[in-house]
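Here, residue 1 is the first one in the sequence, and each next residue gets the next number. Whatever order the structure lists them in is the order used to number ligands and atoms, beginning at 1.
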Amino acid sequence: MTVTRTFSIIKPDATRRNLTGAVTKILEDGGLRVVASKRIHMTRAQAEGFYGVHKERPFFGELVDFMISEPVVVQVLEGENAVLRNRELMGATNPSEADEGTIRKTHALSIGENSVHGSDSDENAAIEIAFFFNEDEIVG
Ligand code: ADP
Ligand code: MG
C-alpha cells in the first residue's frame with residue numbers, strides 16, 4: 001500500500017454553486033483525505049503560472065479568465081495512489097465523456113467549467129502542492 005498526495009482545485013463554477021461540500025464528499029467517500037484546504041481568489045499571475053504548461057493551447061486565455069472569475073478551494077489530498085484515485089473520482093475532462101458518479105459527470109457544466117482540477121502525475125502533484133502550500137499548512 002502506497003499512500004501518496006495529490007493536488008486538487010474546486011473550480012469557480014463549483015464554488016459559485018455552493019458545491020464545495022458536495023465535491024469534497026465525493027473525494028472523501030472515494031478514499032481520499034483532505035490534509036490541507038484553503039479558499040483563495042487566484043490572481044491572474046498565479047493562474048497563468050499554474051497553467052503555464054497550457055499557454056500555447058487555444059483555450060488558455062479563457063481558462064485563466066475562468067479560474068480568476070470567482071474564489072476557488074485548493075486542497076492537498078492523501079490516500080492510496082492518490083493521483084490516480086483522484087483522476088478516477090474526477091472523471092474525464094469533458095463531462096459528457098465522464099463516467100456516472102464522477103465529480104464531472106455529476107456537477108460539471110462544460111469542458112471548460114468542469115468543477116475540479118487534479119494533478120496528472122506524482123511529479124506534478126509535488127510541484128502543484130508547493131505552488132500553493134507551505135509544508136506547515138499540510139497536516140496529515
Ligand atoms: P484535466 O483538467 O482533465 O487534466 P487538461 O489538463 O487537458 O484537463 O486541461 C486543463 C483544463 O483546461 C481543463 O480542466 C479545462 O478546464 C480546460 N480545457 C481543456 N480543454 C478545453 C477545451 N477544449 N476548451 C475549453 N477549456 C478546456
Ligand atoms: Mg491536466
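Near Lys11, meaning under 4.0 Å from any of its heavy atoms, are these atoms of ligand 1: 13 (C), 14 (O), 15 (C), 16 (O).
Residue-level proximity to ligand 1 for Glu113 is absent, since no heavy atom of it falls below 4.0 angstrom. Looking at Leu63 against ligand 1, only its side chain comes within 4.0 Å, counting heavy atoms. Only the side chain of Asn114 comes within contact range of ligand 1, with a heavy atom under 4.0 Å; no backbone atom does.
Of the protein's non-hydrogen atoms, Arg57 NH1, 3.5 Å is the one closest to atom 7 (O) of ligand 1. Residue, atom and distance of the protein heavy atom nearest to atom 25 (C) of ligand 1 are Phe59 CB, 3.6 Å. For atom 2 (O) of ligand 1, the closest non-hydrogen atom of the protein is Arg104 NH2, 3.0 Å. Atom 23 (N) of ligand 1 has as its closest protein heavy atom Ile111 CD1, 3.8 Å. Scanning the protein for heavy atoms near atom 8 (O) of ligand 1, the closest one is Thr93 OG1, 3.3 Å.
Distances from atom 16 (O) of ligand 1 to the heavy atoms of Gly118, Gly112, Gly91, Ser115 show the closest one on Gly112. Taking each of Arg87, His54, Glu62, His117 in turn, the one with a heavy atom nearest to atom 10 (C) of ligand 1 proves to be His54.
The pair Arg44-Asp65 meets the salt-bridge criterion, with a side-chain N (NZ, NE, NH1 or NH2) lying under 4.0 Å from an Asp/Glu carboxylate O.
Distances from ligand 1 to the non-hydrogen atoms of Met67 include no value under 4.0 Å.
Using a 4.5 Å cut-off on side-chain heavy atoms (C-beta onward), Ile40 and Val72 make contact.
Evaluation of the ring pair (Phe, Tyr, Trp, His ring centres under 6.0 Å) rule for Phe133 yields no partner, not counting sequence neighbours.
Aromatic rings from Phe50 and Phe7 are positioned such that their centres are separated by under 6.0 Å.
Judged by distance alone, the side chain of Thr4 and the main-chain N or O of Ala82 form a donor-acceptor pair under 3.5 Å. No donor-acceptor distance shorter than 3.5 angstrom exists from the side chain of Arg85 to the backbone of Leu32, with no hydrogens or angles considered.
The residue from Thr15, Thr20, Asp13 that alone fulfils the side-chain hydrogen bond (donor to acceptor under 3.5 Å, both in side chains) condition with Arg17 is Asp13. The side-chain contact (heavy atoms from CB on, under 4.5 Å) test with Ile103 singles out one residue from Ile26, Ile10, Leu19, and that residue is Ile26.
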